[in-house]
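Reviewing the structure listed below.
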Amino acid sequence: MSTEYTYEHLAETAKYLLERVPFRPKIGIICGSGMGAYWNEGSLAEALTDKVVFPYNQIPHFPESTVEGHAGQLVFGYLMGVEVVCMKGRFHHYEGYPLWKCSMPVRVMKLVGISHLIATNAAGGLNPKYKVGDVMLVNDHINLMGFSGNNPLHGPNDERFGPRFLPMNRAYDKDLIELAKKVWDDLKLGPIHEGVYTCLGGPNFETVAELKMLQMVGVDAVGMSTVHEVITARHCDLTVLAFSLITNFCATNYENQSEANHEEVMDVGKMRQDTLATFVQNLVLRIKKLGYPGIK
Ligand SMILES: O=P(O)(O)O[C@H]1O[C@H](CO)[C@@H](O)[C@H]1O
């Protein structure tokens, strides 16, 4: 990560937040485009009780949200009685931020005390079995931007966050994936998938040739976030669960006249928000009841 944010900067941010919040969250939740990043009514962050809300532009050293209509808030509160902190909206590379800046809130959440991260995103479905509105638990990713040397951990390493070299073969915690599947099934929410996610830089959606290539290398869902957050989270030893809401189908042939667009992404997010909120609420409850399982 760049030296622009030292450990001391982020510790200052964490101290500012902790001085204003009367409880300590153990679970951090990143609400992406499919989980109310952009709206209030019915969103997961709105379901929190005893909320303490920090607009990003009031938090020391935090980047500013630039996406139109983006709430840009860090919300502390209780979800089904479980202490959590929610990012209502995230930072993307296409907004002009380097990856280390996009994922700095993950380190801040670590410093305020979380041990578990639930990262959510909206993604295009490449796996032909997926339908719009489905949920895919991420069991692995392909760090395409990393192939060209663009990595959130690029630059000097501070061992207080984590090691210089880190394994990524168990990045997505298997126990949490199993637990998430069980919670989903117990709630009788229908089918749920497991698959591989990749992040492209955006902001344009993909060409047909790009999508065909991604499909060939085993990508099931494609988006513009999450991968750098998960790398940063694993670096500082957080246990990670991530899931994608499939908001659109990726066209892998030229006959398909449909075009991906952000309105559809947000519409599908709104359509599925109640289901996803119920899922996440029950999931955090189970994680707490089980004593926060997973790789710490
Ligand atoms: O990944 P999240 O933030 O959920 O949002 C996804 O949806 C937006 C495109 O519609 C992009 O920002 C993409 O990354």
Side-chain angles (χ1 to χ4, degrees), residues 28-39 43-45 56 63-75 86-99 101-106 109 117-126 130 132-138 141-145 150 152 172 195-207 210-211 214 219-233 240-251 258-273 275-277 279-280:
I29 304 168
I30 302 178
C31 297
S33 301
M35 287 249 4
Y38 304 93
W39 61 86
S43 71
L44 182 77
Y56 290 160
E64 282 198 33
S65 264
T66 69
V67 183
E68 175 104 19
H70 206 296
Q73 290 172 347
L74 195 63
V75 186
C86 268
M87 282 182 72
K88 196 160 155 49
R90 54 154 57 89
F91 304 105
H92 303 87
H93 192 57
Y94 62 73
E95 293 176 68
Y97 293 124
L99 292 181
K101 207 163 200 170
C102 293
S103 54
M104 79 67 105
V106 172
M109 290 194 281
L117 178 71
I118 301 176
T120 76
N121 61 57
L126 261 178
Y130 295 0
V132 168
D134 282 359
V135 166
M136 180 191 90
L137 298 167
V138 181
H141 71 223
I142 296 181
N143 179 14
L144 270 184
M145 293 166 80
N150 194 2
Y172 298 88
V196 175
Y197 174 88
T198 199
C199 163
L200 301 182
N204 59 282
F205 292 102
E206 302 72 35
T207 66
E210 286 164 350
L211 291 170
L214 293 174
V219 171
D220 296 297
V222 55
M224 306 171 196
S225 70
T226 307
V227 167
H228 38 278
E229 296 159 350
V230 171
I231 292 171
T232 305
V240 173
L241 179 86
F243 68 82
S244 302
L245 172 65
I246 305 300
T247 52
N248 54 290
F249 195 70
C250 292
S258 66
E259 289 182 322
N261 64 85
H262 190 55
E263 284 63 43
E264 183 186 9
V265 169
M266 291 196 295
D267 285 351
V268 175
K270 279 204 174 132
M271 197 179 81
R272 296 291 279 160
Q273 70 176 1
T275 301
L276 295 188
F279 171 52
V280 173

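Residues: numbered from 1 along the sequence shown. Atoms within each ligand, like the ligands themselves, are counted from 1 in listed order.
When side chains are defined from C-beta on, Lys88 does not count as touching Leu74, because their heavy atoms never get closer than 4.5 Å. You'll find the side chain of Leu245 stays beyond 4.5 Å of the side chain of Thr120, heavy atoms only. Within the 4.5 Å cutoff, no side-chain heavy atoms of Pro203 are placed close to those of His262. Side-chain atoms of Leu214 and Leu200, non-hydrogen and from C-beta on, do get closer than 4.5 Å to each other.
Between the side chain of Thr207 and the main chain of Glu210, a donor-acceptor pair closer than 3.5 Å is present. At least one donor-acceptor pair under 3.5 Å links the side chain of Tyr56 to the backbone N or O of Gly89. With hydrogens and angles disregarded, no donor-acceptor distance shorter than 3.5 Å links the side chain of Tyr130 to the backbone of Phe249.
At least one N or O atom of Ala122 sits closer than 3.5 Å to an N or O atom of ligand 1.
Of all protein heavy atoms, the one lying nearest to atom 2 (P) of ligand 1 is Arg90 NH1, 3.3 Å. Taking atom 10 (O) of ligand 1 as the reference point, the nearest protein heavy-atom neighbour is His262 ND1, 2.5 Å. Residue, atom and distance of the protein heavy atom nearest to atom 1 (O) of ligand 1 are Ser225 OG, 2.6 Å. For atom 5 (O) of ligand 1, the closest non-hydrogen atom of the protein is Ser33 OG, 2.7 Å.
Remark: ligand 1 atoms within the under-4.0 Å shell around heavy atoms of Gly32 are 4 (O). Those atoms of ligand 1 with a heavy atom of Tyr94 less than 4.0 angstrom away are 11 (C), 12 (O). Each of the following atoms of ligand 1 lies closer than 4.0 Å to a heavy atom of Val265: 7 (O), 10 (O). For ligand 1, the atoms sitting less than 4.0 Å from at least one non-hydrogen atom of Asn121 are 1 (O), 4 (O), numbered in the order shown with element in parentheses. Below 4.0 Å from some heavy atom of Met224 lie the following atoms of ligand 1, by number and element: 11 (C), 13 (C), 14 (O).
Side-chain N/O atoms of Ser225 and Asn121 include no donor and acceptor closer than 3.5 Å.
The part of His92 lying near ligand 1 is the side chain, judged by heavy-atom distances below 4.0 Å.
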